[in-house]
Enquirer: 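Starting off with a structure, shown below.
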Amino acid sequence: MEGKIKQLKNLLSKENKIVITTHTNPDGDAIGSSLALFHLFKKMSLNVKVITPNQHPGFLDWVPGCEHIIVYENDVELAKKTINNSNLIFTLDFNDLSRSGKIAENIDLEYHKLVMIDHHQSPNDYATIMFSHPEISSTCELIFNIAVNLGKKELINKEISTCLYLGMMTDTGSFQYNGVNGKTHNTLSFLLEKGIDHSKIYNNIYNSNTLSKLKILGCAIKNLSLIHDKKTSYTFLTKKELKQNQYKKGDSEGIVNYGLSLKNIHFTAIFIEDELEINLIKISFRSKNEFPCDKFAKEFFSGGGHKNAAGGKFEGTVVNAIKKFKSSLKTFKTN
Ligand code: 5GP
Ligand code: MN
């Protein structure tokens, strides 16, 4: 990391106009890492803006600094102008520029300098400086490491700590996944010492359900099926079910994990009909232990992600997506 930190230090000057961006449908790690870096750069008196491709779910509205985010989809002109005026772009929590949606179309690879900070496998080589660390369980933990290596640990205050804790918590399933290690907990210890309200952060994310969200969870549980011999479960949500229960963005987040809470199940998937587009199914995969969700998603459903959490898509009906899922499981080799 040392050589890259040196390169990065040279770029962090007051003359540079910085944009921080992240992936479409930003989650806790995307928003947490973007705002943590935003606050850090502000404290370093740098010229910095955050632009997300689309609106984050409402359960992230409380994150310190959220009000400063420019949402591309909501304010195209301002977002375009801000990107055109910038010369240094930080891309956080994704490994392929296309994951930033329309923002990617406005980035000029000849002109803009790009810094990737990410923890997904197999990154595309688009950045001037690449901090690609799949062994680290969240982009937020990586931001902490980079801040420390930049010699800016003393700037990490309660506000930044809150943003970092958020992403570390959400991307590790509240610290249960394999990537969590002693270093993760050392970092968490530092953040807690800064006086963050970890209980409030947890409650803001996991105990702030709306009735519609719980009813949608009810539908997904009703639709849950098992494939015993493959230690697999799967479920689905139709457009009709989403509509009947007043679906709002983010309502289906986390539902996939229930399929994995079953005894003797090590792989699960949820198929969700896109509420707007016809014949587009968004799929989430989760696994325990060694089952490689990312490999499965990439091989059969044009997706990717991490070993224990990945996503993909399917064009067609839910019934056909599930048919393909079952036949893919029969042929899939885990290594
Ligand atoms: P989720 O199921 O929460 O949408 O996504 C789980 C993980 O898989 C996330 O880390 C996300 O970045 C990744 N992921 C989700 N959808 C896609 C996709 O279509 N392509 C790729 N490459 N990764 C995805
Ligand atoms: Mn992440």
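Heavy-atom basis, side chains included; hydrogens, waters and symmetry copies ignored. Counting starts at 1 for both ligands and their atoms, in listed order.
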Enquirer: Any chain of hydrophobic side-chain contacts (each under 4.5 Å) joining Tyr258 to Leu226?
Expert: no
Enquirer: Which pairs count as side chain to side chain donor-acceptor pair (under 3.5 Å) when at least one residue sits in residues 200-211, sequence neighbours excluded?
Expert: Asn203-Asn207, Thr210-Ser212
Enquirer: List the residues meeting salt bridge (Lys or Arg N to Asp or Glu O under 4.0 Å) with Glu290, not counting sequence neighbours, and say none if there are none.
Expert: Lys307
Enquirer: Can you list, by chain and residue number, every protein residue with a non-hydrogen atom closer than 4.0 Å to ligand 1?
Expert: Arg99, His120, Lys282, Ser284, Arg286, Gly303, Gly304, Gly305, His306, Ala309, Ala310, Gly311
Enquirer: Taking the six-membered ring for Trp, is the centroid-to-centroid distance between Phe175 and Tyr165 below 6.0 Å?
Expert: yes
Enquirer: Below 2.8 Å, which protein N, O or S atoms neighbour the Mn ion (ligand 2), ignoring water?
Expert: Asp29 OD2, Asp93 OD1, His119 NE2, Asp171 OD2
Enquirer: When rounded to the nearest 0.5 angstrom, what is the spacing between OH in Tyr72 and OG1 in Thr52?
Expert: 12.0 Å
Enquirer: Assert yes or no for the condition that the ring centre distance of Phe314 to Phe325 is strictly below 6.0 Å.
Expert: no
Enquirer: Tell me yes or no: between the side chains of Glu141 and Ser138, is some donor less than 3.5 Å from an acceptor?
Expert: no
Enquirer: Under a 3.5 Å threshold, yes or no: a donor from one side chain and an acceptor from the other, between Tyr234 and Lys326?
Expert: yes
Enquirer: Indicate whether the side chain of Asn74 and that of Gln55 have a donor and an acceptor atom separated by less than 3.5 Å.
Expert: yes
